[in-house]
Amino acid sequence: MVPVAGMAWVDYAIVAVYLIGIVSLGLYLARRHSSTEDFFLASRGTTWPVIGLALLASNISSTTLIGLAGAAYGTGISVYNYEWMAAAVLVFFCVFFLPFLLRSKVYTLPEFLQRRYSGLARSYFSGLTLFLNLVVDTASALYGGALLFKLLLPDVPLWEIVIVLAVSAGIYTIAGGLRAVIYTETIQAVLLLTASCVIAVRTFLKAGGWDAVMGAVDPAKLSLIRPLSDAAVPWPGLLTGVPLLGFYFWCTNQFMVQRVLSAKDENHGRWGSLFAGALKLPVLFLMVLPGTAAILLYPNLKSPDLVFPTLLFGLLPAGLVGLAVAGFMSALMSSIASTFNSASTLFTMDFVRRWKPEMQGEALVRVGRMATLVMALAAMAWAPQIEHFGSLWQYLQVIIAYAVPPVMALYLVGIFWRRANAAGAAACIAAGVLGGAALFVANTVLDVVSIHFLYVAPLLFVLCAIVLVLVSLATAPDAAEKSAGLVWTPAFFREESVRLAHEPFWRNYRVLAGLLLAATSIIVYTFR
């Protein structure tokens, strides 16, 4: 391969060493995988630093790197609202949901819905998650990665680049399952943060420094709290739509929460989740504001999605380009590997094991590997189609806004209201599917109405929640033992308070959650 502009031989060497090293590490970690618990949940022995770094690596995909910088360039830093909201959502997750999830010993988030409601709720959510893993998570990550490598290899077709990227991440995922994925993600997260720091520093230096950027950029593009007329994140959408989408992603999305399900115990699950929330706060300075600074450096880019690749290849010298590309590949491979493993877990545990309960151990692991391979092939086929949509960020958020409100209603109502039952859940799902389809057609196909996607999610959520409550009240309640241990109660809060009274403050997750919320508030207030 002849190096193209922006990549010297040393950069290619760095990328090659990274690829060989991370795949080798993944295959080394794949040696032990005889049981389903080991393959799908890393033997439930993961500690909090690994969980936190793995959550960050899974979340910050190639799509995120390109999307955050591009959105900041095009519409301003309001895109960071999705990032700081993650910290608040993870606090909610740790306090109200995580203990019941871990105590249930489930393999998947849909399995939790079966215990709370019915098999129908489990099958619906599992099928929906598999679909979203394919068309949103994996395919968009592959497409985002291909965009950057297309600049390096302009004569290579997009679909060939997609295949290479998918195979690179798929090798150790198929071999080792979550154990291989989650521990390679910790290395990838460190590399990703290092590369992001390098790009951010070089960008601000080239633009004249912090004060120069803050003084030259339109103040509207440096504000997180946007007016009602804002096209990107109007303030009512920030209060309603962004938290709901965040709840789906951080609290119910299998490819994220699977890392928490692998926790050694509740404390490690909570500390790891809060650590991930803390790691989301520097994203403003490392990944969002460099896109804003790019307005001064490259004011005439034809597409916002080109901002990140332009900064990478336009500002970094030989050697640092290789480091940054390796960081980008870390984000890409960790995200792809996460969705591959998530999809195989969902298909194997939510469908195959239910169809064939006699299948155990190595047989289920073989099915999981085959499911990973099929998922990789399907994502490779779909990824090139994303170029027919708008920006990556728009593609991601719009699909999720229409698809997930019924699931959010099932969890949020079901966690706090014991009376929610299986009949109500079935009606909630039906209302969400029909309402979402009707609103999508009216809003995007026929253009009869014009509703921002951040309003779509709360509107559909309210519809689904009302249907769930009304139908549950109108039908016979489920057996009391069905919801036992799966619903938050004031008694649980009091029991936790007694237990935490004997913990040192640095181990008390409520104290840590309060500190995280305080730090988040300071950032939001500063850039309001």
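Note that the structure is predicted; figures quoted are calculated from it, not measured. This chain uses plain numbering: 1 for the first residue, then up along the sequence.
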**Q** Are Phe275 and Trp271 close enough that their ring centres sit under 6.0 Å apart?
**A** no

**Q** State whether a side-chain donor-acceptor pair under 3.5 Å links Arg259 with Ser273.
**A** no

**Q** Please check if the side chain of Thr520 supplies one atom and the backbone of Ala87 the other of a donor-acceptor pair under 3.5 Å.
**A** no

**Q** Taking His268 for the side chain and Ala263 for the main chain, is one N or O donor matched with an acceptor at less than 3.5 Å?
**A** no

**Q** Can you tell me if Tyr80 uses its side chain to pair, donor with acceptor, with the backbone of Leu281 under 3.5 Å?
**A** yes

**Q** Between Gln254 (side chain) and Thr345 (backbone), is there a donor-acceptor pair under 3.5 Å?
**A** no

**Q** Do the numbers put Arg116 on top of the ring of Phe97, so that NZ or CZ is under 6.0 Å from the six-membered ring centre and no more than 45° off the axis?
**A** no

**Q** Quick check: Phe492 with Phe100 (ring centres under 6.0 Å apart)?
**A** yes

**Q** Treating Arg202 as the side-chain partner and Leu315 as the backbone partner, does any N or O pair qualify as donor plus acceptor under 3.5 Å?
**A** yes

**Q** Just wondering, are more than 12 heavy atoms of other shown residues or ligands nearer than 6.0 Å to CZ in Phe493?
**A** no

**Q** Which heavy atom in Pro110 sits nearest to a heavy atom in Phe125, and how many Å separate them?
**A** CG-CD2, 3.6 Å

**Q** Using atom types as modelled and distance alone, determine if a side-chain donor or acceptor of Tyr107 lies under 3.5 Å from a backbone N or O of Thr348.
**A** no

**Q** Keeping the roles fixed (side chain from Asn81, backbone from Leu224), state whether a donor-acceptor pair exists under 3.5 Å.
**A** yes

**Q** Looking only at the side chains, is there a donor atom on one of Trp250 and Asn253 sitting less than 3.5 Å from an acceptor on the other?
**A** no

**Q** Using atom types as modelled and distance alone, determine if a side-chain donor or acceptor of Tyr411 lies under 3.5 Å from a backbone N or O of Thr252.
**A** no

**Q** Using a strict threshold of under 4.0 Å (side-chain N to carboxylate O), is an ion pair present between Glu503 and Arg499?
**A** yes

**Q** For Glu496, is there an ion pair with Arg510 - N to carboxylate O distance below 4.0 angstrom?
**A** no

**Q** What heavy-atom pair brings Pro458 and Thr240 nearest, and what distance separates the two atoms?
**A** CG-OG1, 3.6 Å

**Q** Are the ring centres of Phe247 and Phe93 closer than 6.0 Å?
**A** no

**Q** For Leu517 versus Ala88, what's the shortest heavy-atom pair and its separation?
**A** CD2-CA, 3.9 Å

**Q** Which pair of non-hydrogen atoms, one from Tyr73 and one from Pro304, has the smallest distance, and what is that distance?
**A** CD2-CA, 4.4 Å

**Q** Does Arg115 reach the main-chain N or O of Ser104 with its side chain, forming a donor-acceptor pair under 3.5 Å?
**A** yes

